Engineer: 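Sharing a structure here in structure tokens format.
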Amino acid sequence: GDGMNVLFIIVDDLRPVLGCYGDKLVKSPNIDQLASQSMVFSNAYAQQAVCAPSRVSFLTGRRPDTTRLYDFYSYWRVHAGNYSTMPQYFKENGYVTLSVGKVFHPGVSSNYSDDYPYSWSIPPFHPSAEKHENDKTCRGKDGKLHANLVCPVNVTEMPEGTLPDIQSTEEAIHLLNVMKSTRQKFFLAVGYHKPHIPLRYPQEFLKLYPLENITLAPDPWVPKKLPSVAYNPWMDIRQRDDVEALNVSFPYGALPDDFQRQIRQSYYAAVSYLDVQIGLLLSALDDAGLSNNTIVVFTADHGWSLGEHGEWAKYSNFDVATRVPLMFYVPGMTTSPVSQGARVFPYLDPFSYIGVSVPQGQSKQMVELVSLFPTLAELAGLQVPPACPEMSFGVVLCTEGRSIVHYFNISEGEVGEGKEGCAD
Amino acid sequence: TDRCFNEEPVAFSQYPRPADTPQWNSDKPKLKDIRIMGYSMRTIDYRYTLWVQFDPNNFRANFEDVHAGELYMMENDPNQDNNVYNNTSHGWFFKKLL
């Protein structure tokens with residue numbers, strides 16, 4: 001990967017409900033196609049199942065106990081240590097670094113600037129429609145607009161006639177074309193907002209998931225022996241207009257079965273909407289002639305409970321809340337060398353595409369998002385940041401993760417024998 | 001701190017709580033309200049979580065003060081529904097860990 005560009009795709013609240021992770025219901029042909037050219041990690045985990053701490057953790061390569069960010073209200077550079085970030089490291093190594101959409105969590109935790117200018121070469125882009133995300137834009141059965149959880153929409157009726165992720169894709173494609181002409185190495189991070197709540201997506205995606213095909217979670221009850229401290233009472237879900245109207249008791253009351261199915265249906269629909277955005281973005285990478293020299297990384301900040309254990313949302317240590325998709329496309333490494341101009345990622349329409357893509361390589365090794373920083377550095381041919389000492393508050397550049405590139409050579413389904421991390 | 005131990009790779013996660021029982025800010029407690037931290041380690045075979053006292057003033061977790069524990073064995077409980085932390089039959093497991 002020496003000298004290759006990096007396209008880093010981060011999805012908000014995406015658990016691995018993807019065809020390439022074995023989900024039989026979801027329509028995700030474009031992400032599956034990426035997987036078919038990638039090394040896919042089936043046991044990848046975030047360090048904390050909430051946006052800001054998880055993102056700061058994998059973007060700095062340090063765990064929450066080192067960033068000291070467990071909520072949304074501090075900036076690690078002043079609160080913990082002036083740690084280098086992954087994009088900053090690429091920037092300092094000659095890359096043009098670009099941020100589109102939700103990469104850092106906005107607000108205090110990234111200094112109200114997405115850590116610009118430390119991390120980025122130009123000010124990060126945020127879609128203008130983002131500010132309408134929590135507006136009352138969901139048409140209810142009463143014909144009025146509400147701030148619902150379940151929110152299929154007619155995009156033409158939305159403020160500005162669009163949705164944030166559509167705008168982010170457009171901007172990312174624009175930047176790819178700019179970078180193509182400047183011929184500078186780039187690190188482009190694209191952060192998508194969906195399937196984070198509200199589950200607001202173009203209504204046509206509902207057609208992919210007839211309600212009669214939607215099941216409940218296999219275990220939609222609170223486990224008898226679950227300690228009360230472990231339970232997440234999903235307050236953000238309760239506060240949406242449609243859920244509030246159900247008058248579900250706090251903290252353990254269950255949502256009605258039919259509404260559980262609607263949430264699951266809309267989560268799947270939002271994933272397919274996201275898949276279309278990814279498909280358009282990767283197709284543009286092809287169009288720009290950059291698929292032969294760009295590493296593509298795809299992951300999420302954490303997972304999301306879809307009714308398992310009587311829980312919704314994230315905010316827990318359960319695997320459904322912490323497990324994430326993670327895949328790396330490295331031309332010439334996870335695929336045969338790609339000639340310039342060859343189409344690697346033709347756009348696939350989830351409404352018409354029928355087919356199954358198989359991951360190019362698959363590892364069942366337990367890996368962590370904190371390892372993204374050293375892994376991407378190694379793949380790009382940069383010096384891998386050193387391992388952090390036990391106390392690293394004063395160390396600007398180090399990582400608490402480990403490069404997982406050595407797993408790329410393990411064949412499908414194989415779990416390596418012990419002593420990992422001792423090789424070097 | 002010794003990374004060269006003959007064990008399989010582990011993934012860690014953590015989650016803060018303001019109290020032992022669910023309350024309005026259990027999902028997103030502010031730093032000053034955090035009293036308990038749940039630390040998880042997971043392998044292909046199990047997830048082991050300890051919920052321990054946490055002091056937000058000095059960021060210290062006290063593993064001598066365990067509020068609750070979880071242990072799920074993935075082979076026969078892949079959805080993590082059966083917490084066997086208090087099962088005496090898993091004493092061998094804790095011995096191995098310690």
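Only a predicted model underlies this, so the values are computations on that prediction, with no experimental measurement involved. Chain letters run A, B, ... following the sequence lines, proteins first, then strands; residues in each count from 1.
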Engineer: Taking the side chain as every heavy atom from C-beta outward, state whether A:Val229 and B:Thr21 have any pair of such atoms under 4.5 Å apart.
Structural biologist: no

Engineer: Grab the two heavy atoms, one from A:Gln365 and one from B:Pro9, that are nearest each other, plus how far apart they are.
Structural biologist: OE1-CG, 3.3 Å

Engineer: Please look at B:Met41 and chain A and tell me whether the side chain, the backbone, both or neither of the residue comes under 4.5 angstrom of a heavy atom of that chain.
Structural biologist: neither

Engineer: Taking the basic N atoms (NZ, or NE/NH1/NH2) and the acidic carboxylate oxygens, is any pair closer than 4.0 Å for B:Lys28 and A:Asp71?
Structural biologist: no

Engineer: Just so I understand: if I count every heavy-atom pair under 4.5 Å between each of A:Ala230, A:Pro251, A:Pro389 and chain B, which residue has the most?
Structural biologist: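 If we count pairs closer than 4.5 Å to chain B, A:Ala230 comes out on top.
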
Engineer: Assess B:Arg47 against A:Phe318: is NZ or CZ under 6.0 Å from the centre of the six-membered ring, and within 45 degrees of the ring's axis?
Structural biologist: yes

Engineer: Does B:Asn83 use its side chain to pair, donor to acceptor, with the backbone of A:Lys225 at less than 3.5 Å?
Structural biologist: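 Between the backbone of A:Lys225 and the side chain of B:Asn83 there is a qualifying donor-acceptor contact (under 3.5 Å).
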
Engineer: Applying side chain to side chain contact (heavy atoms under 4.5 Å, CB included), run through B:Asn82 and A:Lys224 and close with a yes or a no.
Structural biologist: CA-CA 8 Å; B:Asn82 186 25; A:Lys224 280 182 186 165; over 6 Å; no

Engineer: Chain A heavy atoms under 4.5 Å from B:Tyr85: which part of the residue, side chain, backbone, both or neither?
Structural biologist: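 Contact with chain A involves no heavy atom of B:Tyr85 at all.
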
Engineer: Determine yes or no for a side-chain-to-main-chain donor-acceptor pair under 3.5 angstrom, with A:Ser228 supplying the side chain and B:Asp20 the backbone.
Structural biologist: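 Pair found, side chain donor or acceptor close to backbone of B:Asp20.
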
Engineer: Within this structure, what is the OG1-CG distance for the pair B:Thr43 and A:Asn43, rounded to the nearest 0.5 Å?
Structural biologist: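 Separation between the atoms: 9.5 Å.
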
Engineer: Is chain A contacted by the side chain of B:Trp51, its backbone, both, or neither, given a heavy-atom distance below 4.5 Å?
Structural biologist: side chain

Engineer: Heavy-atom distances under 4.5 Å only: say whether A:Val367 touches chain B with side chain, backbone, both or neither.
Structural biologist: backbone

Engineer: Check each atom of B:Ala61 against the heavy atoms of chain A and say whether the ones under 4.5 Å are side chain, backbone, both or neither.
Structural biologist: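 Interface part for B:Ala61: neither.
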
Engineer: Would the distance check show the side chain of B:Asp27 and the main-chain N or O of A:Asn232 forming a donor-acceptor pair, the cut-off being under 3.5 Å?
Structural biologist: no

Engineer: Against chain A, label B:Ile36 side chain, backbone, both or neither, depending on which of its atoms sit under 4.5 Å from a heavy atom there.
Structural biologist: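 For B:Ile36, side-chain heavy atoms alone lie under 4.5 Å from chain A.
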
Engineer: Is it the backbone or the side chain of A:Ser316 that comes under 4.5 Å from a heavy atom of chain B, or both, or neither?
Structural biologist: both

Engineer: Name the region of B:Pro29, side chain, backbone, both or neither, that has any atom closer than 4.5 Å to a heavy atom of chain A.
Structural biologist: backbone

Engineer: Going through the checks in order, is the side chain to side chain contact (heavy atoms under 4.5 Å, CB included) test met by A:Met366 and B:Val10?
Structural biologist: CA-CA 6 Å; A:Met366 302 297 288; B:Val10 172; over 6 Å; no

Engineer: Can you measure from CE (A:Met235) to CG (B:Asn25) and round to the nearest 0.5 angstrom?
Structural biologist: 9.0 Å

Engineer: Check whether any side-chain N or O of B:Glu70 sits under 3.5 Å from a backbone N or O of A:Pro227 as a donor-acceptor pair, and report yes or no.
Structural biologist: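 Checking the backbone N and O of A:Pro227 against the side chain of B:Glu70, no donor-acceptor pair under 3.5 Å is found.
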
Engineer: Taking C-beta and beyond as the side chain, do B:Pro16 and A:Tyr315 meet within less than 4.5 Å on heavy atoms?
Structural biologist: no

Engineer: Quick one: of A:Arg238, A:Arg63, A:Glu308, who has the most non-hydrogen atom pairs under 4.5 Å with chain B?
Structural biologist: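 Top option by heavy-atom pairs under 4.5 Å: A:Arg63.
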
Engineer: Could you pull out all residues at least two apart from B:Asn86 that satisfy side-chain hydrogen bond (donor to acceptor under 3.5 Å, both in side chains)?
Structural biologist: none

Engineer: Using the ring centroid of each side chain, check whether B:Tyr15 and A:Tyr70 are separated by less than 6.0 Å.
Structural biologist: no

Engineer: Closest approach of A:Glu368 and B:Phe12, non-hydrogen atoms and distance?
Structural biologist: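 Taking every non-hydrogen atom into account, OE2-N, 2.8 Å.
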
Engineer: Mind checking whether B:Asn79 and A:Pro218 have side chains closer than 4.5 Å, heavy atoms only?
Structural biologist: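 The answer is yes, as the side chains (C-beta and beyond) meet within the 4.5 Å cut-off.
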
Engineer: Can you see which heavy atom on B:Gln80 is nearest to which on A:His309, and at what distance?
Structural biologist: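 The pair with the smallest heavy-atom distance is O-NE2, 3.3 Å.
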
Engineer: Quick check on B:Asn87 against chain A: is it the side chain, the backbone, both or neither that has a heavy atom closer than 4.5 Å?
Structural biologist: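 When you check distances to chain A, only side chain atoms of B:Asn87 fall under 4.5 Å.
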
Engineer: When you measure from the side chain of B:Gln14 to the backbone of A:Gln48, do you find a donor-acceptor pair of N or O atoms at a distance under 3.5 Å?
Structural biologist: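 Not confirmed, B:Gln14 side chain does not pair with A:Gln48 backbone.
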
Engineer: Does any part of the side chain of A:Tyr252, heavy atoms only, come nearer than 4.5 Å to the side chain of B:Pro22, both counted from C-beta?
Structural biologist: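 They are in contact (side-chain heavy atoms under 4.5 Å apart), so the answer is yes.
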
Engineer: Name the region of A:Tyr73, side chain, backbone, both or neither, that has any atom closer than 4.5 Å to a heavy atom of chain B.
Structural biologist: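 The answer is the side chain of A:Tyr73.
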
Engineer: Evaluate A:Asp65 against B:Phe59 for side chain to side chain contact (heavy atoms under 4.5 Å, CB included), listing each step before the verdict.
Structural biologist: CA-CA 8 Å; A:Asp65 278 344; B:Phe59 303 93; over 6 Å; no

Engineer: Could you check which of A:Val50, A:Leu369, A:Leu226, A:Asp319 has the highest count of heavy-atom pairs closer than 4.5 Å to chain B?
Structural biologist: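 Heavy-atom pair counts peak at A:Asp319.
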
Engineer: Within the 3.5 Å criterion, strictly below it, is a donor on A:Asn317 or B:Ser13 matched to an acceptor on the partner's side chain?
Structural biologist: yes

